[in-house]
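A short worksheet on the structure shown next.
Computed from a prediction, not measured in an experiment: that's the story for all the values here. Residue numbers begin at 1 in each chain, while the letters A, B, ... track the order of the sequences.
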There are 2 protein chains.
Amino acid sequence: MDFNKVLELLKQKGYKITKQRRIILEALYNSIKPISIEEWLQVTKVQNPNINLSTIYRNISVLEDVGLLNKIRPKDGNIIYSLNLQEEHSHFLICKKCGKAESIECCLSEEFKKIIDDKEFDLIEHNLELYGYCKDCCDKKNHK
Amino acid sequence: MDFNKVLELLKQKGYKITKQRRIILEALYNSIKPISIEEWLQVTKVQNPNINLSTIYRNISVLEDVGLLNKIRPKDGNIIYSLNLQEEHSHFLICKKCGKAESIECCLSEEFKKIIDDKEFDLIEHNLELYGYCKDCCDKKNHK
DNA sequence: ATGCGTGCAAAACCTTTGCACGTCA
DNA sequence: TGACGTGCAAAGGTTTTGCACGCAT
(Lines give C-alpha, C1' and ligand atoms only; values in the text may rest on other atoms or scores of the structure.)
Protein backbone atom coordinates (compact mmCIF):
# COMPACT_ATOMS: atom_id res chain seq x y z
CA MET A 1 0.00 0.00 0.00
CA ASP A 2 1.24 3.41 -0.97
CA PHE A 3 2.04 5.86 1.81
CA ASN A 4 -0.40 8.40 0.42
CA LYS A 5 -3.08 5.77 0.63
CA VAL A 6 -2.32 5.48 4.32
CA LEU A 7 -2.79 9.21 4.78
CA GLU A 8 -5.95 9.00 2.72
CA LEU A 9 -7.42 6.44 5.05
CA LEU A 10 -6.76 8.68 8.03
CA LYS A 11 -8.36 11.65 6.33
CA GLN A 12 -11.40 9.58 5.47
CA LYS A 13 -11.88 8.99 9.16
CA GLY A 14 -11.61 12.68 9.86
CA TYR A 15 -8.06 12.78 11.17
CA LYS A 16 -5.83 15.69 10.30
CA ILE A 17 -2.41 15.17 8.83
CA THR A 18 -0.07 17.12 11.03
CA LYS A 19 3.69 17.29 10.63
CA GLN A 20 4.22 15.11 13.65
CA ARG A 21 1.66 12.56 12.60
CA ARG A 22 3.20 12.31 9.17
CA ILE A 23 6.67 11.76 10.63
CA ILE A 24 5.37 9.18 13.09
CA LEU A 25 3.54 7.27 10.37
CA GLU A 26 6.46 7.43 7.99
CA ALA A 27 8.75 6.05 10.66
CA LEU A 28 6.61 2.95 11.00
CA TYR A 29 5.90 2.75 7.30
CA ASN A 30 9.59 2.73 6.45
CA SER A 31 10.60 0.28 9.12
CA ILE A 32 11.49 -3.10 7.72
CA LYS A 33 10.48 -4.79 10.95
CA PRO A 34 8.05 -4.28 13.79
CA ILE A 35 9.42 -1.87 16.37
CA SER A 36 8.88 -1.05 20.00
CA ILE A 37 7.60 2.29 21.22
CA GLU A 38 11.09 3.34 22.21
CA GLU A 39 12.53 2.46 18.82
CA TRP A 40 9.64 4.24 17.18
CA LEU A 41 10.33 7.34 19.22
CA GLN A 42 14.03 7.27 18.37
CA VAL A 43 13.31 7.12 14.66
CA THR A 44 10.79 9.94 14.77
CA LYS A 45 13.19 12.08 16.77
CA VAL A 46 15.63 11.90 13.89
CA GLN A 47 13.14 13.93 11.86
CA ASN A 48 11.93 16.07 14.73
CA PRO A 49 13.54 15.79 18.15
CA ASN A 50 10.63 17.53 19.82
CA ILE A 51 8.09 14.84 19.14
CA ASN A 52 6.76 13.50 22.37
CA LEU A 53 6.18 9.94 23.51
CA SER A 54 2.57 10.70 24.33
CA THR A 55 2.00 11.81 20.77
CA ILE A 56 3.11 8.42 19.57
CA TYR A 57 0.78 6.73 22.00
CA ARG A 58 -2.06 8.88 20.77
CA ASN A 59 -1.27 8.01 17.19
CA ILE A 60 -1.29 4.36 18.09
CA SER A 61 -4.93 4.81 19.00
CA VAL A 62 -5.55 6.50 15.69
CA LEU A 63 -3.93 3.68 13.73
CA GLU A 64 -5.90 1.12 15.69
CA ASP A 65 -9.07 3.00 14.93
CA VAL A 66 -8.26 3.00 11.22
CA GLY A 67 -7.33 -0.67 11.44
CA LEU A 68 -3.84 -0.19 10.11
CA LEU A 69 -1.89 -1.24 13.17
CA ASN A 70 -0.38 -4.60 13.89
CA LYS A 71 0.45 -5.16 17.52
CA ILE A 72 2.74 -8.06 18.28
CA ARG A 73 3.26 -9.25 21.81
CA PRO A 74 6.33 -11.38 22.26
CA LYS A 75 6.07 -13.75 25.22
CA ASP A 76 8.82 -11.79 26.85
CA GLY A 77 9.50 -8.20 26.07
CA ASN A 78 7.49 -5.22 25.03
CA ILE A 79 4.86 -4.84 22.40
CA ILE A 80 6.14 -4.17 18.92
CA TYR A 81 4.23 -2.47 16.16
CA SER A 82 3.99 -2.59 12.42
CA LEU A 83 1.65 -1.23 9.79
CA ASN A 84 -0.87 -3.62 8.40
CA LEU A 85 -0.54 -2.90 4.72
CA GLN A 86 -1.08 -6.24 3.09
CA GLU A 87 -4.23 -7.49 1.56
CA GLU A 88 -5.81 -9.87 3.97
CA HIS A 89 -5.93 -13.53 3.15
CA SER A 90 -8.58 -15.83 4.42
CA HIS A 91 -8.83 -18.83 6.64
CA PHE A 92 -11.89 -20.91 7.18
CA LEU A 93 -14.12 -22.05 9.93
CA ILE A 94 -15.35 -25.43 8.82
CA CYS A 95 -18.38 -27.00 10.42
CA LYS A 96 -17.86 -30.66 11.29
CA LYS A 97 -21.57 -31.29 10.98
CA CYS A 98 -22.92 -29.38 8.01
CA GLY A 99 -19.62 -28.75 6.26
CA LYS A 100 -20.30 -25.06 5.83
CA ALA A 101 -17.10 -23.09 5.51
CA GLU A 102 -17.10 -19.55 6.75
CA SER A 103 -14.26 -17.30 5.75
CA ILE A 104 -12.52 -15.39 8.46
CA GLU A 105 -10.17 -12.55 7.86
CA CYS A 106 -7.14 -12.89 10.01
CA CYS A 107 -3.51 -13.31 9.31
CA LEU A 108 -1.39 -15.17 11.78
CA SER A 109 1.87 -14.84 9.88
CA GLU A 110 3.48 -12.80 12.58
CA GLU A 111 2.46 -15.19 15.29
CA PHE A 112 3.77 -18.09 13.28
CA LYS A 113 7.04 -16.33 12.66
CA LYS A 114 7.40 -15.70 16.34
CA ILE A 115 6.75 -19.33 17.15
CA ILE A 116 9.39 -20.65 14.82
CA ASP A 117 11.70 -17.80 15.61
CA ASP A 118 14.36 -20.13 16.97
CA LYS A 119 14.00 -22.78 14.28
CA GLU A 120 16.03 -21.29 11.46
CA PHE A 121 13.15 -21.77 9.10
CA ASP A 122 12.24 -19.24 6.47
CA LEU A 123 8.47 -19.11 6.66
CA ILE A 124 6.71 -18.32 3.39
CA GLU A 125 3.14 -19.53 3.57
CA HIS A 126 0.76 -21.12 5.94
CA ASN A 127 -2.42 -23.04 5.80
CA LEU A 128 -4.91 -23.02 8.59
CA GLU A 129 -8.19 -24.80 8.96
CA LEU A 130 -10.41 -24.48 11.98
CA TYR A 131 -12.96 -27.20 12.66
CA GLY A 132 -15.91 -27.12 14.98
CA TYR A 133 -19.63 -26.54 15.03
CA CYS A 134 -21.28 -23.54 13.47
CA LYS A 135 -23.98 -21.59 15.22
CA ASP A 136 -26.83 -23.39 13.48
CA CYS A 137 -25.53 -26.86 14.28
CA CYS A 138 -24.67 -25.79 17.81
CA ASP A 139 -28.24 -24.69 18.40
CA LYS A 140 -29.73 -27.84 16.93
CA LYS A 141 -27.48 -30.32 18.60
CA ASN A 142 -26.59 -28.53 21.78
CA HIS A 143 -22.91 -29.05 21.25
CA LYS A 144 -21.99 -26.17 23.52
CA MET B 1 -3.17 -33.60 34.20
CA ASP B 2 -3.89 -34.29 37.83
CA PHE B 3 -3.36 -31.48 40.31
CA ASN B 4 -0.92 -33.55 42.32
CA LYS B 5 1.10 -34.00 39.17
CA VAL B 6 1.33 -30.24 38.95
CA LEU B 7 2.67 -30.05 42.50
CA GLU B 8 5.04 -32.87 41.69
CA LEU B 9 6.51 -30.93 38.80
CA LEU B 10 7.18 -27.96 41.04
CA LYS B 11 8.84 -30.14 43.66
CA GLN B 12 11.02 -31.72 41.01
CA LYS B 13 12.34 -28.28 40.23
CA GLY B 14 13.08 -27.66 43.90
CA TYR B 15 10.11 -25.47 44.72
CA LYS B 16 8.39 -25.80 48.05
CA ILE B 17 4.66 -26.24 48.29
CA THR B 18 3.49 -23.55 50.64
CA LYS B 19 -0.11 -22.94 51.61
CA GLN B 20 -0.24 -19.82 49.52
CA ARG B 21 1.33 -21.45 46.51
CA ARG B 22 -1.12 -24.32 46.68
CA ILE B 23 -4.08 -21.95 46.83
CA ILE B 24 -2.75 -19.86 43.98
CA LEU B 25 -2.16 -22.90 41.81
CA GLU B 26 -5.53 -24.40 42.64
CA ALA B 27 -7.23 -21.18 41.70
CA LEU B 28 -5.79 -21.32 38.22
CA TYR B 29 -6.15 -25.08 37.98
CA ASN B 30 -9.85 -24.89 38.74
CA SER B 31 -10.59 -21.98 36.49
CA ILE B 32 -12.52 -22.97 33.41
CA LYS B 33 -11.06 -20.08 31.47
CA PRO B 34 -7.89 -18.01 31.37
CA ILE B 35 -7.97 -15.25 33.94
CA SER B 36 -6.31 -11.93 34.54
CA ILE B 37 -4.07 -11.22 37.50
CA GLU B 38 -6.87 -9.35 39.21
CA GLU B 39 -9.34 -12.20 38.76
CA TRP B 40 -6.69 -14.61 39.93
CA LEU B 41 -6.14 -12.55 43.05
CA GLN B 42 -9.85 -12.38 43.77
CA VAL B 43 -10.22 -16.13 43.59
CA THR B 44 -7.24 -16.80 45.83
CA LYS B 45 -8.49 -14.28 48.35
CA VAL B 46 -11.60 -16.40 48.76
CA GLN B 47 -9.38 -19.09 50.28
CA ASN B 48 -7.03 -16.73 52.05
CA PRO B 49 -7.68 -12.98 52.01
CA ASN B 50 -4.11 -12.21 53.04
CA ILE B 51 -2.49 -13.49 49.92
CA ASN B 52 -0.64 -10.70 48.24
CA LEU B 53 -0.53 -9.65 44.62
CA SER B 54 3.24 -9.85 44.58
CA THR B 55 3.05 -13.46 45.63
CA ILE B 56 0.97 -14.21 42.58
CA TYR B 57 3.45 -12.43 40.39
CA ARG B 58 6.24 -14.46 41.93
CA ASN B 59 4.36 -17.66 41.32
CA ILE B 60 3.85 -16.68 37.74
CA SER B 61 7.62 -16.78 37.39
CA VAL B 62 7.65 -20.20 39.00
CA LEU B 63 5.02 -21.55 36.62
CA GLU B 64 6.85 -20.11 33.67
CA ASP B 65 10.03 -21.77 34.86
CA VAL B 66 8.25 -25.10 35.12
CA GLY B 67 6.68 -24.53 31.73
CA LEU B 68 3.13 -24.87 32.96
CA LEU B 69 1.92 -21.38 32.27
CA ASN B 70 -0.01 -20.17 29.28
CA LYS B 71 0.08 -16.43 28.81
CA ILE B 72 -2.49 -15.01 26.45
CA ARG B 73 -2.30 -11.44 25.33
CA PRO B 74 -5.53 -10.11 23.91
CA LYS B 75 -5.03 -7.29 21.44
CA ASP B 76 -6.81 -5.09 23.87
CA GLY B 77 -6.83 -5.71 27.55
CA ASN B 78 -4.54 -7.31 30.02
CA ILE B 79 -2.69 -10.56 29.90
CA ILE B 80 -4.67 -13.59 30.94
CA TYR B 81 -3.26 -16.81 32.29
CA SER B 82 -4.08 -20.48 32.20
CA LEU B 83 -2.32 -23.68 33.12
CA ASN B 84 -0.86 -25.62 30.27
CA LEU B 85 -2.05 -29.09 31.17
CA GLN B 86 -2.77 -30.69 27.87
CA GLU B 87 -0.53 -32.99 26.01
CA GLU B 88 0.99 -30.99 23.28
CA HIS B 89 -0.02 -31.68 19.75
CA SER B 90 2.21 -31.03 16.84
CA HIS B 91 2.22 -28.86 13.82
CA PHE B 92 4.72 -29.06 11.04
CA LEU B 93 7.20 -26.90 9.33
CA ILE B 94 7.24 -28.18 5.79
CA CYS B 95 10.09 -27.34 3.47
CA LYS B 96 8.92 -26.25 0.04
CA LYS B 97 12.17 -27.45 -1.48
CA CYS B 98 13.15 -30.74 0.13
CA GLY B 99 9.78 -31.63 1.59
CA LYS B 100 11.20 -32.33 5.01
CA ALA B 101 8.59 -31.92 7.72
CA GLU B 102 9.81 -30.83 11.09
CA SER B 103 7.46 -31.15 13.99
CA ILE B 104 7.00 -28.15 16.20
CA GLU B 105 5.36 -28.26 19.54
CA CYS B 106 3.01 -25.41 19.90
CA CYS B 107 -0.67 -25.13 20.40
CA LEU B 108 -2.50 -22.15 19.02
CA SER B 109 -5.92 -23.19 20.23
CA GLU B 110 -6.23 -20.24 22.53
CA GLU B 111 -5.20 -17.78 19.87
CA PHE B 112 -7.68 -19.30 17.46
CA LYS B 113 -10.44 -19.15 20.01
CA LYS B 114 -9.70 -15.51 20.57
CA ILE B 115 -9.82 -14.79 16.88
CA ILE B 116 -13.20 -16.38 16.35
CA ASP B 117 -14.47 -15.12 19.67
CA ASP B 118 -17.18 -13.09 18.03
CA LYS B 119 -18.18 -15.70 15.48
CA GLU B 120 -20.41 -17.99 17.51
CA PHE B 121 -18.44 -20.97 16.41
CA ASP B 122 -17.62 -23.86 18.71
CA LEU B 123 -14.01 -24.60 17.88
CA ILE B 124 -12.98 -28.22 18.29
CA GLU B 125 -9.90 -28.86 16.23
CA HIS B 126 -7.48 -27.10 14.03
CA ASN B 127 -5.01 -27.95 11.39
CA LEU B 128 -2.01 -25.86 10.69
CA GLU B 129 0.74 -26.26 8.16
CA LEU B 130 3.64 -23.90 7.82
CA TYR B 131 5.53 -23.80 4.55
CA GLY B 132 8.89 -22.32 3.83
CA TYR B 133 12.53 -23.22 3.50
CA CYS B 134 14.42 -25.26 6.04
CA LYS B 135 17.86 -24.32 7.22
CA ASP B 136 19.65 -26.66 4.83
CA CYS B 137 17.79 -25.44 1.77
CA CYS B 138 18.18 -21.85 2.92
CA ASP B 139 21.91 -22.23 3.08
CA LYS B 140 22.15 -23.92 -0.29
CA LYS B 141 19.87 -21.64 -2.20
CA ASN B 142 20.29 -18.40 -0.34
CA HIS B 143 16.58 -17.91 0.03
CA LYS B 144 17.00 -15.53 2.95
C1' DA C 1 -12.08 30.62 13.00
C1' DT C 2 -12.56 26.46 15.28
C1' DG C 3 -11.63 22.32 16.83
C1' DC C 4 -8.36 18.66 16.61
C1' DG C 5 -3.45 17.58 17.75
C1' DT C 6 0.62 18.35 20.47
C1' DG C 7 4.14 19.01 24.35
C1' DC C 8 4.66 18.90 28.97
C1' DA C 9 4.02 17.28 33.46
C1' DA C 10 1.48 14.75 36.50
C1' DA C 11 -1.31 10.88 37.39
C1' DA C 12 -2.66 6.18 36.90
C1' DC C 13 -1.55 1.64 36.27
C1' DC C 14 1.06 -2.59 36.23
C1' DT C 15 5.02 -5.19 37.67
C1' DT C 16 9.26 -5.79 40.26
C1' DT C 17 12.14 -5.54 44.27
C1' DG C 18 14.23 -4.98 49.18
C1' DC C 19 13.54 -6.23 53.64
C1' DA C 20 12.11 -8.55 57.72
C1' DC C 21 9.66 -12.30 59.15
C1' DG C 22 7.55 -16.88 58.67
C1' DT C 23 7.34 -21.60 57.17
C1' DC C 24 8.42 -25.84 54.49
C1' DA C 25 11.50 -29.69 53.97
C1' DT D 1 17.88 -25.32 61.21
C1' DG D 2 18.51 -23.16 56.91
C1' DA D 3 16.90 -21.74 52.73
C1' DC D 4 13.12 -20.51 50.28
C1' DG D 5 8.54 -18.04 50.21
C1' DT D 6 5.60 -14.32 51.71
C1' DG D 7 3.53 -9.66 53.03
C1' DC D 8 4.24 -5.09 52.93
C1' DA D 9 5.75 -0.91 51.09
C1' DA D 10 8.37 1.45 47.99
C1' DA D 11 10.43 1.82 43.54
C1' DG D 12 10.45 1.19 38.50
C1' DG D 13 8.45 1.16 34.13
C1' DT D 14 4.78 1.94 30.90
C1' DT D 15 0.65 4.17 29.36
C1' DT D 16 -2.93 7.68 29.94
C1' DT D 17 -4.68 12.20 30.84
C1' DG D 18 -5.44 17.41 31.86
C1' DC D 19 -4.22 21.65 30.31
C1' DA D 20 -2.74 25.41 27.57
C1' DC D 21 -1.10 26.43 23.21
C1' DG D 22 -0.53 25.75 18.12
C1' DC D 23 -1.76 24.32 13.69
C1' DA D 24 -4.55 22.00 9.83
C1' DT D 25 -8.65 22.48 7.56
Open item on the list: If the cut-off is 4.0 Å, is B:Thr18 near the phosphate of C:dC24, judged by side-chain N/O to OP1 or OP2?
Closed with: no
TODO: May I ask you to verify if any side-chain N or O of A:Gln20 is less than 4.0 angstrom from the OP1 or OP2 atom of C:dG7?
DONE: yes
How long is the line joining [atom1] of [X] and [atom2] of [N], in whole Å?
{"X": "A:Glu39", "N": "D:dT14", "atom1": "CD", "atom2": "C1'", "answer": "16 Å"}
{"X": "B:Ile23", "N": "C:dC24", "atom1": "CD1", "atom2": "P", "answer": "11 Å"}
{"X": "A:Ile56", "N": "C:dG5", "atom1": "CD1", "atom2": "P", "answer": "16 Å"}
{"X": "B:Leu53", "N": "D:dG12", "atom1": "CG", "atom2": "P", "answer": "19 Å"}
{"X": "B:Arg21", "N": "C:dG22", "atom1": "CZ", "atom2": "P", "answer": "19 Å"}
{"X": "B:Lys19", "N": "C:dC21", "atom1": "NZ", "atom2": "P", "answer": "19 Å"}
{"X": "A:Ile60", "N": "D:dT16", "atom1": "CD1", "atom2": "C1'", "answer": "12 Å"}
{"X": "B:Asn59", "N": "C:dT15", "atom1": "CG", "atom2": "C1'", "answer": "15 Å"}

Mind checking the [atom1]-[atom2] spacing from [X] to [Y]? Nearest 0.5 Å is all I need.
{"X": "B:Leu69", "Y": "B:Ser61", "atom1": "CG", "atom2": "OG", "result": "9.5 Å"}
{"X": "A:Leu25", "Y": "A:Asn30", "atom1": "CG", "atom2": "CG", "result": "10.5 Å"}
{"X": "B:Asn50", "Y": "B:Lys19", "atom1": "CG", "atom2": "NZ", "result": "12.0 Å"}

- [ ] Apply ring-ring contact (aromatic ring centres under 6.0 Å, His included) to A:Tyr15 and list each qualifying residue two or more places apart in sequence or on a separate chain.
- [x] none
- [ ] Quick one: list whatever passes ring-ring contact (aromatic ring centres under 6.0 Å, His included) with B:Tyr29, sequence neighbours left out.
- [x] B:Phe3
[X] to [Y] - nearest heavy-atom pair and separation:
{"X": "B:Ile24", "Y": "B:Asn59", "result": "CD1-ND2, 3.6 Å"}
{"X": "B:Lys45", "Y": "B:Ile51", "result": "NZ-O, 3.3 Å"}
{"X": "B:Arg21", "Y": "B:Lys16", "result": "NH1-O, 2.8 Å"}

Task: Net bend of the helix from C:dA1-D:dT25 to C:dA25-D:dT1, end axes of five pairs each, nearest 10 degrees - done: 40°
According to side-chain hydrogen bond (donor to acceptor under 3.5 Å, both in side chains), who are the partners of [X], at least two apart in sequence or on a separate chain?
{"X": "B:Asn48", "result": "none"}
{"X": "A:Gln20", "result": "none"}
{"X": "B:Arg22", "result": "none"}

Task: Residue-level proximity of residues 40-48 of chain A to DNA chain D when a heavy atom falls under 4.0 Å - done: none
- [ ] For B:Asn4, enumerate each residue passing the side chain to side chain contact (heavy atoms under 4.5 Å, CB included) test, keeping only those at least two apart in sequence or located in another chain.
- [x] B:Asp2, B:Leu7
TODO: Under the side chain to side chain contact (heavy atoms under 4.5 Å, CB included) rule, collect the residues that match up with A:Glu8, sequence neighbours excluded.
DONE: A:Lys11, A:Gln12
TODO: May I ask you to list the residues of residues 3-17 of chain A, by number, that have any heavy atom positioned under 4.0 Å from an atom of DNA chain C?
DONE: A:Tyr15, A:Lys16
- [ ] Sort and list the pairs that fulfil ring pair (Phe, Tyr, Trp, His ring centres under 6.0 Å) and have at least one residue in residues 31-72 of chain A, not counting sequence neighbours.
- [x] A:Trp40-A:Tyr81
Task: Base-contact (B) and sugar-phosphate-only (S) positions in nucleotides 8-14 of chain C, heavy-atom cut-off under 4.0 Å, - elsewhere - done: B-----S
